[in-house]
Structure formats: C-alpha cells, structure tokens
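These notes are about the structure you will find just below.
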Amino acid sequence: MRLDQQLQALAAQAFQSCFDAALPASDFSIQKTRKEFAGDRTLVCFPLARHSRMKPDATAEALGQAMVEADGPVLGYNVVKGFLNLELDPVLWRDWLLQEAAHADYGRRPAGSAPHVMVEYSSPNTNKPLHLGHLRNNFLGHSVSRILEAQGHTVTKVQIINDRGIHICKSMVAWRKFGEGETPESSGLKGDKLVGKYYVAFDQAYKAEVQGLIDGGMDKAAAEKQAPILLEAQETLRLWEDGDAATVDLWKTMNGWVYAGFDTTYATMGVEFDKLYYESDTYLIGKDRVMEGVERGAFEQREDGSVWVDLSEDGLDEKLLLRQDGTAVYMTQDIGTALLRFQDVPDLDRQVYTVGNEQEYHFKVLFLVLGKLGFEQAQRCHHLSYGMVELPEGKMKSREGTVVDADDLMDEMFRIARDIAAEAGKLEGLSDAEQQEVFQRVGLSALKYYLLKVDPKKNMMFDPKASIDFYGNTGPFILFNYVRGRSVLRKAEAEGLALPTDGIATPGADEMDMVGLLHDLPDVVAEAAETYNPALIANWCYDLTKAYSSYYQDHSILGADDEAARNLRIVLTERFTRTLNLGMSLLGIALPERM
RNA sequence: GGCUCCGUAGUUCAAUGGAUAGAAUGAGGGUUUCCGGUACCCUAGAUACAGGUUCGAUUCCUGUCGGAGCUACCA
C-alpha cells in the first residue's frame, strides 16, 4: 500500500477513536509538508472540524496525539493552524529505498493489467514535409503511448495517412508539367521534400494563371475556378477515382517517395508505429455504416438524399454525414476508420486521437456519432488536443516561408550538441558513430523536452534561441546530471564498491527532497496517464534532477565519512539514475552514458 | 452572434480548493584543495479586472476586458 493511503487509513482510525465518527479514508487529505515547516506529511484538518465539532487546531492536536500513540510510522507531530504536520519514522524511507525502489520495474504497472488502447498521432498530408507542429504532435502521441504502457495498458500506435485528395493531385500535375522526370535519386532530395517542392510549384503556376486570366478581363472568383492547371488537377483526381492506370501509377510512385522521406524523419525523431491506415483504403467504408445508422434511426436521410445527424440534444448542431450525391465527407471517413479499428482490434477499449485543437468540434461530433452507432467505447475515446506552436514573429505560415522544417530543426540541434561536446571534451575514446549517437540523443532531448514540458492544451511559444539552450530547465541539463550520476556509479564499480543491498544510513533532512520525489513517481505516472499529460512527467524529471544536482554539490558520494553514509549516497544515485531513465523514456527521450 | 480553450515575474513555463504562488531565463552578487562546473548558492521581480461560493480561491461560479481556435455538401 502506498504511504499516503496508509496514513489516510491511520488517520481515519484515529479520528474514529477520538471523535467517535466514521469517515472514509479518502476524506483525509494528505500532502507533502512544505519545506518551511517541520514534518514529512501534512494532514489538512479544516474540513474535519465540522465532523469533530472542535476547532481545526484542536482537532489536529487530538488526531496527532492519537496517531503517535498508534505506534505506527508516525513518530511525532506539530500543529500550525489547522495543519497537522506528521513526522514519520525515517527507517520507513530507508527500507523503502532498499525494497520497493530497488525493483527493476519500479514505477511501472504490469503489462496487460489495463485495457487495450489505440493511440493515433502524426497523420500528415502527403504533399508537404513535416514541420514543427508535427514534432509536437508526434512527441506527444508517442509519449502518451509510453505513459499508457507504463500504466499497464496494451497500446497500439497508429496513424492515418491522408494519401488521397486534390492536394496530392496538385503535386502530381506539377511534377508532370515541370519535373522532367526528376526523382529523389536524381535530385538528391528527400522524397517528401521533392514532392513538397512540386506542391509549391503548382501553387506558383496556379497563381500566375489566375493573374493572367484576371488581366485578360475575367473576374477573380471565376479565374480562381477556371485556371487550367487547377482543372487539370481536378481531372487527375477524377481519373484517380476511376482507377486510371497511369494516374494510379504516378500516385503510387510519388506517395512512395514521400513515405520513404517520412520514414527517415520518424527514425531520426525516434518515433514508430504499429499499424498504418491509409485514407485511400478507408474513405469509402464509412458510407455503408452511415446508411446502417439511417436504418436504425440514428441518422436522418433528407429528400435530397443527404444524410444528417441531429446533435441538438447534445448542445451541438446538425451535422452532414453524406452529401446529396452520396459521396463521403471527412466525417464519414473518420467514422469508417474508427469502426475498422474496432473491428481490427476486438478488445479495443478506446481510441486516443492526437490532433490539434482546431478539430475539437470534429471529434466531439465523431464520438457522439460512434455512440449513436452503438459503440459504448465511444464515451472513453479521447481527443488528445494540443495547442498551436507559435514563433516569436507569429504563426507559422507556409505562404510566408515561416514554416520550421522538422529535418532542418533536428539537424541544427545535433550540430549544436556537437559543438558543445567538442568544447567539453568528454567523448574521447568513442568511435565516430558512437559520438554521432550521443549528439543525436542530446540534441533530441533538448527538442523533445522543450515541446513536452508545456501543458499540451496550451498554445506555446517556440523561441529558437531558448529551445536550443542547454542550461536551465532543459533536456540537456537533465541528461548532464544523469551522465554525471552514471559516471559516479561506474567509478564506484571500478573501485570495487558493489551496489549496496543493506547497511545504508537512514536518510536525513538532506536526502528527503530526493527520496520524496522518487516516491512520487508512480502517482505522477498515474496522473499523467489519466490526464494524457506528459508535461507532468517532464516537470517531475526536472524536479528530481534539480534535487540530485543540489545534493551532489554539497555531498561527496564516494567520499562520505562513513560506510553507511556512502552506501546511502550510492543507493540514492542509483535510484536517481534508474527512475530518471524511466521518466525520460516515458517522454520518448533516450539517455546517453556520456556527453 | 454562438461555442471551446487560454490570460501568473521583463520573457518562457509550474502550482489534486490549502500554509509565505514555485522554476528557468534575463539583471545583480557569490562559490572550486570536488566523484564530470553543461554545476551550486544568494538578491530583486507576478495571479488581467469586478463580484460570488468557501474556514481558505491562481484553481470553482458569474460578468467585463484581452488573445487563440471552431462555427463548410473542404480535408
């Protein structure tokens, strides 16, 4: 049982004996005692005064006495206003460090002990390279997957690839017109960059044509609809839908280039997927299910043939599910994909969609519709909504060339990591490949930590200067302390000091910051999973690291005065590095041994 | 217009309804006979505004002001 639950139970017993009133253990609010007061845990007694019929401080006084007399973990107490500060037996902490905290899987719940969850993230269009916004998306989705796994969920990581539609046809048309057979091999460009280039080329040609038409006397709206290159793209889409062989071939080729490019980027980012869904496979399957919904009376078909769902009871409007010509809209497709996934994974408990907050309305509707189609899992489905990443000069706009490219940004981080490492000179003896691995881990930690430490639902500022900072509340700061701790442990081993399993000093005031944080980990993971919020893990990693760094400064680990103290410090260092490693791995951040 | 989210030091971010609102950065000052100084310590600096609920409100409710997003037979 967790310590705080023990104390709640103890408090409930004490309350019963003092005031002859039974209250549920959960009514006793236990929190860490603030540093400026004496004690380890604090019981807030204001809410209890009602039941004890005594003033808060008198209630606290009586409870404190009873809890000490219970002869359990509580050794002493003091009362400040209505706060009962409890002093716990430090031996508890010592034993905890040697037992629970020593388990290799401390902080994790057993695999398979929680339901199967599907997490969707990334899901880019196939006409443009990945950018900064995708990084936040991928890091979030990947991290949440890991957090859910640590909570015992089976997790299937997926993405839906938007591989069809007018956008990809635009790139195809431009490539046919201007490409002269250019390929990733012939150009040396990554596939996604090459296709992106033709998407831009299309846009330029289109604008020129529109301007030409306007100059020729056509009004703007008509020109925008009749520009020949646009008509050609639309015709290409029609041919694609008809299964025209040449069109489909080119579509496959160009999408293949994009996928190869994306795969490289994902590998650099350190994210991966268990299963891919392609819009071209799923975009038609929602239609049948919508028509089934009509038969069940969940949806309404109008005289013109269009199908609608009425969500006014849920505070929303009516929403179109099928056009009057019977074709699918975006929502139809998402319904189909969702149902396909429930079919693919029969024990699936819920789906988590990592998608920007501009689509909150869409997902509200989607979940309601799934519910109307009889999927009770719908109420547990979750839109992992996140805010926009803004730049100091404002929003990213591809038109204005202010998009931050994911590959370029990561390369820049790696380069800076290399420069700083060269100065520090700690990587001698490592091969070039090993060094490169270190630069990548350090650079990536800066980026991931920077994007994940902010509450996902908030818009955030991406300041390029601050993001590459290696000092302060940053990934590299955390890595540095990990590496330093590991270095101490290696040295201990080299000196023949095995990791102690017994005979450690009882932790005192100097150690309690760190011990308390180590003890918090399971609660932090649980809350992060419940709220789908990796920022909680990031903040915990930072707090723990700061506590260790400060401790390290004032205490020589291996040079402690006596053996018991040294053993405690070695154990603390080991628990620090191992739990930090878990915390960071939940953020998708891999730690180096040196940097 | 309606709906959703956000508003905390100069800046970027924290704070299950709990005690004197924490960090980082920037500014100023200090620390090294040390296991990795990419470190540590000290100083100054903030809850947009007005009500309400509560023993207690950054947190919950209402309103005002400010910012973002959604409100397509686009995806």
Side-chain angles (χ1 to χ4, degrees), chain A residues 29 31 33-37 42 44-47 49-50 55-56 80-83 85 125 162 164-167 279 283 304-308 315-317 319-334 356-362 364 385 387-388 390 392 395 417 420-421 423-426 442 450 453-455 457-463 465-467 469-474 476-481 483-492 495 523 527 530-531 535-536 538-539 542-543 546 549-560 569-570 573 594-595:
Chain A
S29 157
Q31 53 194 252
T33 301
R34 287 189 153 237
K35 281 200 187 79
E36 54 268 36
F37 300 100
T42 295
V44 183
C45 295
F46 297 96
R50 238 170 7 112
K55 288 189 171 169
V80 181
K81 291 191 273 179
F83 297 95
N85 299 321
N125 285 330
N162 304 302
R164 64 166 282 278
I166 190 72
H167 53 267
E279 199 179 288
Y283 83 107
D304 64 7
S306 60
V307 176
W308 295 74
L316 303 177
D317 288 333
K319 182 82 188 172
L320 178 84
L321 299 180
L322 276 182
R323 295 193 185 99
Q324 57 175 299
D325 62 6
T327 54
V329 292
Y330 180 39
M331 183 62 70
T332 324
Q333 183 174 298
D334 265 15
N357 60 10
E358 70 276 7
Q359 295 203 35
E360 266 167 22
Y361 185 80
H362 174 81
K364 234 180 242 175
S385 165
M388 216 174 300
E390 287 163 13
K395 273 204 237 168
I420 292 179
E423 231 172 279
K426 294 284 181 184
V442 173
Y450 186 88
K453 73 176 172 184
V454 180
D455 187 334
K457 69 169 181 265
K458 291 191 177 178
N459 284 2
M460 69 176 292
M461 179 61 64
F462 185 85
D463 178 352
K465 279 203 215 100
S467 70
D469 219 329
F470 281 35
Y471 314 97
N473 185 357
T474 65
F477 167 77
I478 295 171
L479 262 55
F480 166 73
N481 280 282
V483 164
R484 194 160 62 169
R486 291 292 301 157
S487 174
V488 171
L489 292 173
R490 275 197 303 272
K491 183 166 181 188
E495 290 178 5
D523 297 331
E527 195 185 343
E530 229 166 87
T531 56
L536 299 177
N539 289 330
Y542 177 64
D543 288 341
K546 243 175 92 68
S549 184
S550 183
Y551 184 79
Y552 178 94
Q553 194 73 22
D554 295 336
H555 303 78
S556 173
I557 307 298
L558 302 179
R569 293 176 191 183
I570 293 175
T573 300
R594 299 200 217 171
M595 63 187 276

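The figures here come from the full heavy-atom set of this structure, side chains too, leaving out hydrogens, waters and symmetry mates.
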For the residue pair Tyr330(A) and His362(A), categorise the inter-ring angle as parallel (less than 30°), tilted (30 to 60°) or perpendicular (more than 60°).
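Correct class here is parallel.
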
Under 4.0 angstrom, heavy atoms only, what part of the nucleic acid is [X] near: base, sugar-phosphate, or nothing?
| X | result |
| --- | --- |
| Glu423(A) | nothing |
| Asn459(A) | sugar-phosphate |
| Ser550(A) | sugar-phosphate |
| Arg594(A) | base |
| Val44(A) | base |

Leu322(A) and Thr327(A): which non-hydrogen atoms are nearest, and at how many Å?
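Taking Leu322(A) first and Thr327(A) second, the nearest heavy atoms are CD2-O, 3.5 Å.
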
Nearest heavy-atom contact between Pro56(A) and Cys45(A) is O-CB, 3.9 Å

Length of the line joining [X]:[atom1] and [N]:[atom2], which is rounded to integer Å:
| X | N | atom1 | atom2 | answer |
| --- | --- | --- | --- | --- |
| Phe470(A) | rA24(B) | CZ | P | 19 Å |
| Glu358(A) | rA68(B) | CD | P | 15 Å |
| Glu390(A) | rC13(B) | CD | P | 9 Å |
| Met331(A) | rU71(B) | CE | P | 11 Å |
| Leu322(A) | rC74(B) | CG | P | 13 Å |
| Lys319(A) | rC3(B) | NZ | P | 18 Å |

Looking at the base of [N], is there any donor atom on it, or on the side chain of [X], that sits under 3.5 Å from an acceptor on the other one?
| X | N | result |
| --- | --- | --- |
| Asp304(A) | rC73(B) | yes |
| Ser29(A) | rU16(B) | yes |
| Asp334(A) | rA75(B) | no |
| Thr42(A) | rA19(B) | yes |

Does the side chain of His167(A) come under 3.5 Å of the side chain of Asn162(A) through a donor N or O and an acceptor N or O?
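No, because no side-chain N or O of His167(A) sits under 3.5 Å from a partner of the opposite role on Asn162(A).
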
Just by distance, no angles: are the side chains of Thr474(A) and Asp469(A) close enough, under 3.5 Å, to form a donor-acceptor pair?
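Side chains of Thr474(A) and Asp469(A): no pair found under 3.5 Å.
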
What N/O pairs connect the protein and nucleotides 5-9 of chain B at under 3.5 Å? Give each pair on its own line.
from   : atom 1 : to        : atom 2 : distance (Å)
rG7(B) : OP1    : Lys458(A) : NZ     : 3.4

Contact list please: residues 485-492 of chain A against RNA chain B, heavy atoms, distance less than 4.0 Å, in numerical order.
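Correct list: Ser487(A), Val488(A), Lys491(A).
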
Dot-bracket assigned to RNA chain B with the 3.5 Å Watson-Crick/G-U criterion, [ ] for crossing and | for other-strand pairs, is (((((((..((((....[...)))).(((((.......)))))....(((((..]....))))))))))))....

With stacking defined as ring centroids separated by under 5.5 Å and planes differing by under 30°, is Phe46(A) stacked against rG18(B)?
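Yes; by the centre-distance and plane-angle rule, Phe46(A) counts as stacking on rG18(B).
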
Please compare Leu558(A) and Val80(A) by the position of their nearest nucleotide in RNA chain B and report the one closer to 5'.
Val80(A)

